[in-house]
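Structure first, commentary second.
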Amino acid sequence: KIGNAVITVPYYFNDARRKATEDAGRIAGLNVIDIINEPTAATLTYAWKRGELGVGGGDLRPHLALVYDLGGGTFDATVVRYTPNHFQVLATDGDVHLGGIDWNDRIVNYVAEEFKARHGMDPRESPATLQMLRHEADQAKIKLTDTSEASIACRHEGKGMTVKITRDQFEEMTADLLQRTSDTAQLVLEQAGVTAEQLDAVVLVGGSTLMPCVPQMLENLLGKKPY
């Protein structure tokens, strides 16, 4: 049973949203110790794993981390300066309408167009079929994390077909989405007045960062292997 809890929220949450989150925690039966920012929590975890926190936390000089957070429905990038006992956000930016679901939708649309070309019907017109197709697309995206090819089954109005998609195809059809996150990451570095060479760490947060194209893009962009 969890008694005490520290709850994380997006950095851009205002006081009303933070208070609402705290209240929700209390309603859920938790003793909310504190509300902290998600990029701070991510940096905290990274620094803890590296043994860089608290008394005897090693190097006392300030470190710089870029936190790249790509979740299911939102994206943000944050530059954090930290020492063993102090964390400061230097710059943050993001898109509350960009996340893993957008990658899924590209697969959905690809399969739907293939189905339409063969059977002359659009499976997206049926809410039930669309829901199943979205689930299949999500599973295919996850499979493409570890394999080079995935299959998506689609059934609609008594017709059915299976569409294959390769990782290369998937990355090509979603390249513009990845580029948007890259542009934001670069913008945040500029706002913080920090160069890629000055970064001590690139920290990945969010399930969507498991897509192989994400850490590869960041390593190409910043010259550092993300954590």
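Under the side chain to side chain donor-acceptor pair (under 3.5 Å) criterion, the residue pairs touching residues 86-95 are Thr78-Thr92, Arg81-Gln88, Asp95-Arg180, with sequence neighbours excluded. A side chain to side chain donor-acceptor pair (under 3.5 Å) check over residues 148-160, counting only residues at least two apart or in different chains, returns the pairs Thr129-His156. The list of side chain to side chain donor-acceptor pair (under 3.5 Å) pairs with a residue in residues 203-227, not counting sequence neighbours, reads Gln216-Asn220.
Phe87 places a side-chain heavy atom less than 4.5 Å from the side chain of Leu53. Between Ile35 and Phe13 the shortest side-chain heavy-atom distance does not fall below 4.5 Å. Leu177 has its side chain out of reach of Thr181: every pair of non-hydrogen atoms, C-beta onward, lies at least 4.5 Å apart. Contact of the Met211 side chain with the Leu178 side chain is not registered, since no non-hydrogen atoms from C-beta on lie closer than 4.5 Å. Using a 4.5 Å heavy-atom cutoff, the side chains of Arg106 and Glu172 are not in contact. Within the 4.5 Å cutoff, the side chain of Val163 has no heavy atoms near those of the Phe115 side chain. Proximity of Arg18 to Asn37: side-chain heavy atoms (C-beta onward) are separated by under 4.5 Å at one or more points.
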Q.
Using the rule given for side chain to side chain contact (heavy atoms under 4.5 Å, CB included), can you reason through Arg124 versus Val111, listing the C-alpha separation, both sets of side-chain angles and the distance that settles it, and then say yes or no?
A. CA-CA 10 Å; Arg124 291 168 294 194; Val111 174; over 6 Å; no
Q: Could you check Val194 against Leu66 for side chain to side chain contact (heavy atoms under 4.5 Å, CB included), going step by step and ending with a plain yes or no?
A: CA-CA 10 Å; Val194 172; Leu66 172 70; over 6 Å; no
**Q.** Chi angles and distances behind the side chain to side chain contact (heavy atoms under 4.5 Å, CB included) call for Arg134, Asp138
**A.** CA-CA 6 Å; Arg134 280 179 170 154; Asp138 190 47; over 6 Å; no
Q: In sequence, state the C-alpha distance, the side-chain angles, and the governing distance for Leu98 and Trp103, and then conclude on side chain to side chain contact (heavy atoms under 4.5 Å, CB included).
A: CA-CA 9 Å; Leu98 177 65; Trp103 273 259; 4.0 Å; yes
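What you find for Met217 and Ser182 is that their closest heavy atoms are SD-CB, 3.7 Å. What you find for Leu144 and Ala150 is that their closest heavy atoms are CD2-N, 3.8 Å. Taking each heavy atom of Ala77 and Ala185 in turn, the nearest pair found is CB-CA, 4.1 Å. Closest of all the heavy-atom pairs between Leu70 and Gly99 is CD1-CA, 4.1 Å. Nearest heavy atoms, Ala140 versus Ile152: CB-CG1, 3.7 Å. Scanning all heavy atoms of the two residues, the minimum distance from Leu204 to Pro215 falls at CD1-CB, 4.1 Å.
Hydrophobic clustering places Leu222 together with Phe75 (ILVMFWY residues linked when any side-chain heavy atoms are closer than 4.5 Å, directly or through intermediates). Cluster membership for Val108 and Ile165, using ILVMFWY side-chain heavy atoms within less than 4.5 angstrom, is shared. Note on Val80: it does not cluster hydrophobically with Leu90, by side-chain heavy-atom contacts below 4.5 Å among ILVMFWY residues. Grouping the Ile, Leu, Val, Met, Phe, Trp and Tyr side chains by contacts below 4.5 angstrom, directly or via other members, places Val6 apart from Val32. Hydrophobic cluster membership is shared by Val202 and Leu189, with clusters built from Ile, Leu, Val, Met, Phe, Trp and Tyr side chains linked at under 4.5 angstrom.
A distance-only check finds a donor-acceptor pair linking the side chain of His63 to the backbone of Arg61 [under 3.5 Å]. A donor-acceptor pair under 3.5 Å is formed between the side chain of Thr145 and the backbone N or O of Ile142.
Atom CE of Met173 is separated from atom CD1 of Ile107 by 7.0 Å, given to the nearest 0.5 angstrom. Distance check: Thr8 OG1 to Asp34 CG gives 11.0 Å after rounding to the nearest 0.5 Å. Taken to the nearest 0.5 Å, the NZ atom of Lys141 stands 9.5 Å off from the CG atom of Leu210. Here the CG-NZ distance, from Leu30 to Lys1, works out to 8.0 Å after rounding to the nearest 0.5 Å. Within the model, atoms CG of Leu64 and OG1 of Thr43 stand 10.5 Å from one another, a figure rounded to the nearest 0.5 Å. Going from atom CG of Asp122 over to atom CG of Asn109 covers 9.0 Å, rounded to the nearest 0.5 Å.
Listed by chain and number, the residues in a ring pair (Phe, Tyr, Trp, His ring centres under 6.0 Å) with Tyr11 amount to none (sequence neighbours excluded). Not counting sequence neighbours, His135 has no partner by the ring pair (Phe, Tyr, Trp, His ring centres under 6.0 Å) test.
More than 12 heavy atoms of other residues, nucleotides or ligands sit less than 6.0 Å from atom CD of Gln191. Atom CD1 of Ile101 is surrounded by 12 or fewer heavy atoms from other residues, nucleotides or ligands within 6.0 Å. Within a 6.0 Å sphere centred on CE of Met132, other residues, nucleotides and ligands contribute 12 heavy atoms or fewer. For Asp176, the CG atom counts as densely surrounded, since its 6.0 Å shell holds more than 12 non-hydrogen atoms of other residues, nucleotides or ligands.
A salt bridge is defined here as a Lys NZ or Arg NE, NH1 or NH2 lying under 4.0 Å from an Asp or Glu carboxylate O, and Asp200 with Arg50 fails to meet this definition.
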Do any side-chain atoms of residues 21-29 form donor-acceptor pairs under 3.5 angstrom with protein atoms, and if so which ones, sequence neighbours left out?
from: Thr21; atom 1: OG1; to: Arg17; atom 2: O; distance (Å): 2.8
from: Glu22; atom 1: OE2; to: Arg26; atom 2: NH1; distance (Å): 3.2
from: Glu22; atom 1: OE2; to: Arg26; atom 2: NH2; distance (Å): 2.9
from: Asp23; atom 1: OD1; to: Lys19; atom 2: NZ; distance (Å): 2.9
from: Asp23; atom 1: OD2; to: Lys19; atom 2: NZ; distance (Å): 3.2

